[in-house]
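This structure is a prediction, so every number in the text was calculated from the model and none was measured.
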2 protein chains.
Amino acid sequence: MAVTIKDIAKEAGVSKSTVSRALNNKPRIDEKTKKRILETAKKMNYRHNKLATSLRSNKSMVVGVIFPGFTTSHFYAEIFNGIEDYCVNEEYGVLIGSSDSDTEKEEKIIQLLEERKVDGMIIAPTIGVNIDYYKHLQKDNIPFVFIDKYLPEIKTDIIKVNNTDGAYKATNYLIEKGHKKIVFMSGPEYPCMSIKERYQGYKKAILNNGLEFSKLIKAEKYVFNQRKSGYEAMKKFLKKDINFSAILAVNDSIAIGAMRALREANIKIPDEVALIGFNDDDILKYLQKPLTTVKVPKYQMGFKAAELLISKIKGNDINETIVLDTDLVVRNTS
Amino acid sequence: MAVTIKDIAKEAGVSKSTVSRALNNKPRIDEKTKKRILETAKKMNYRHNKLATSLRSNKSMVVGVIFPGFTTSHFYAEIFNGIEDYCVNEEYGVLIGSSDSDTEKEEKIIQLLEERKVDGMIIAPTIGVNIDYYKHLQKDNIPFVFIDKYLPEIKTDIIKVNNTDGAYKATNYLIEKGHKKIVFMSGPEYPCMSIKERYQGYKKAILNNGLEFSKLIKAEKYVFNQRKSGYEAMKKFLKKDINFSAILAVNDSIAIGAMRALREANIKIPDEVALIGFNDDDILKYLQKPLTTVKVPKYQMGFKAAELLISKIKGNDINETIVLDTDLVVRNTS
DNA sequence: CCAATCTGCGGTAACGTTCCCTCAAAGCTC
DNA sequence: GAGCTTTGAGGGAACGTTACCGCAGATTGG
């Protein structure tokens, strides 16, 4: 059906080997024959079949990406941008799967990617996933990099952000502003390392200043739409009539949800309650009260992860944890 | 290196063919041998190599997706969700590329996907792209489906939304509310069919009611961040001191940008100016003034596109344009 | 000037599957 | 029980590449 190097070879009157040499810019070929071959290839509308190359050379030139999903916020979308930019530049394709933070889906996607022989993976893993899958990947020598989240049991490269420090800075800032009752808001969510770390940073600042770390609004179930869950958790929390003057939310989406609940309860931000988010979603600037937040270098995380992974694919036996810094961005809610 | 069916065959004392039959649930094999083979496969930690299968059977079980990008809004992210859900269920992988609405990038991605022998593609094409690439796909018998956007020159299946009707409904609603000076806001953006259609719907409603279709804020250049461009276009527009009482924005992101500019200019929404967006991004509900908009069934678009594409891959020679309906969602800005 | 190296190219075996053909043995029909 | 179909299995080609080996002829060096 499709035209192959064999067809070109016949047309140009040379052997397959020579055609391959011409197409792949290899040495040991006369410039003139090379030119002639490339021309006939173009004329015959030849398309390289990378499947065959992959099979032979044991390199698919595809990396797999597993994310919880793209819809809850721009967070992973921006990380993905960074990954894609680096990969496309290096001629890698990107095969993607959303886990929806569902361990079974994640396991299924790992298998799908492995069967398609991706050269490596970038993963934001879900806590609770069967770590045997990751151990298998290691045994099968398929490099992978964790991004944003990670599994403590699995030793591999990690690209993350200094969550503890970010939350510490934000909390300290609130304390300096005179707040005594600061609530950490985690919203209904599945467990993950980032949340834990952010909570630790918050707690550290609170304890350093001799304050009480106030009750956090805790997950009762696992929810996709974080804005909605933040909204509902805050509504519930307000009914309890607890005294507080500031909130540090674990991410922007939850903060936006909380903001809506506070607004509907006629609580003035920041006069009555200060609010700080996390991640610095682009949308924050467009809110009526632009949200104070902790900025996370999302694009860079993705870019660096891809860089690291492809370096590993190329044989560099690195094993490191890259921790990127955060910045407190003060806007109008604090 | 990795264990192959040959290894299993040796271990189980059968031939490669028999192993293949066992693994693929094919007939003409004894239940007992099948069971034995499956067990040894599991024991040996066998991983199917789909690359080899693809090469042999000429089916990669991968579909390619080309979108402008994921970051400007949730629009494509939600479409992608629909695509992925359908594809994963049908055992297809999803290879993705962002064009950033850059024709050269789009052409590069088409080639990348074609070389990886995807079985089909779902594309939101960029106007101005060299249509030869698409003609080649057709000549090479690689099915593809346009989604959201399309190229009039290329005859293929299209999944879209009734943009004209949506804009018509929104404009009519504004007219019924008594608005006489309604501005259509397209924001700085590259040309695309959806925008044209939405503008036509707007114009039709205006003309039907004997009004003047007021100047639209026009693109001066091509911009990634639509919120930002909407914001800046509106700031510029306000300086011109033109009389208007309502705006129909071509999408929610631009509307959100415009909203910010109006707010900063102390113009009350909806009292002084009514504002309607398009698409119904989830974020709208969380704005201080939840935005009136035209709801687009994004997830369904993606799901249907995948369904259609895979049906074509399986040999059904369909050629249709599916037009999904929109709904006007009235909130607090109109 | 003869051995050693280099250049340009061809032939063929992989890579891991599936598909097609063959073939013996068993089961069926009348 | 002779002819037919069905079942279970093996052998090898093929998918489109690349890797490796070989081999003339040209070039180099002491």
Contacting residues from residues 107-116 of chain B, given that a heavy atom lies under 4.0 angstrom of DNA chain C:
none
Answer yes or no: is there a side-chain heavy-atom contact under 4.5 Å between A:Ile37 and A:Ile8?
yes
May I ask you to say whether B:Glu307 pairs ionically with B:Lys304, meaning some side-chain N is under 4.0 Å from a carboxylate O?
yes
Side chains of B:Lys43 and B:Thr40 in contact at under 4.5 Å (non-hydrogen atoms)
yes
d(CD1, B:Ile29; P, D:dG8) in whole Å
9 Å
Taking only heavy atoms on the protein side, list every residue of residues 30-47 of chain B lying under 4.0 Å from any atom of DNA chain C, sorted numerically.
B:Tyr46, B:Arg47
Could you write nucleotides 18-28 of chain C as a row of B, S and -, 5' to 3', where a protein heavy atom under 4.0 Å of any base atom gives B, of only sugar-phosphate atoms gives S, and otherwise -?
BB---------
Output yes when at least one side-chain N/O atom of B:Ser15 is less than 4.0 Å from OP1 or OP2 of D:dG10, else no.
yes
For A:Asn45, the side chain to side chain donor-acceptor pair (under 3.5 Å) test, sequence neighbours excluded, returns A:Arg47, B:His136
Terminal helix-axis angle for the helix from C:dC1-D:dG30 to C:dC30-D:dG1, with five pairs defining each axis and rounding to 10 degrees
30°
Not counting sequence neighbours, which residues clear ring pair (Phe, Tyr, Trp, His ring centres under 6.0 Å) with B:Phe80? List them please.
A:Phe70, B:Phe70
Does the separation of the ring centres of B:Tyr134 and B:Phe146 fall below 6.0 angstrom?
yes
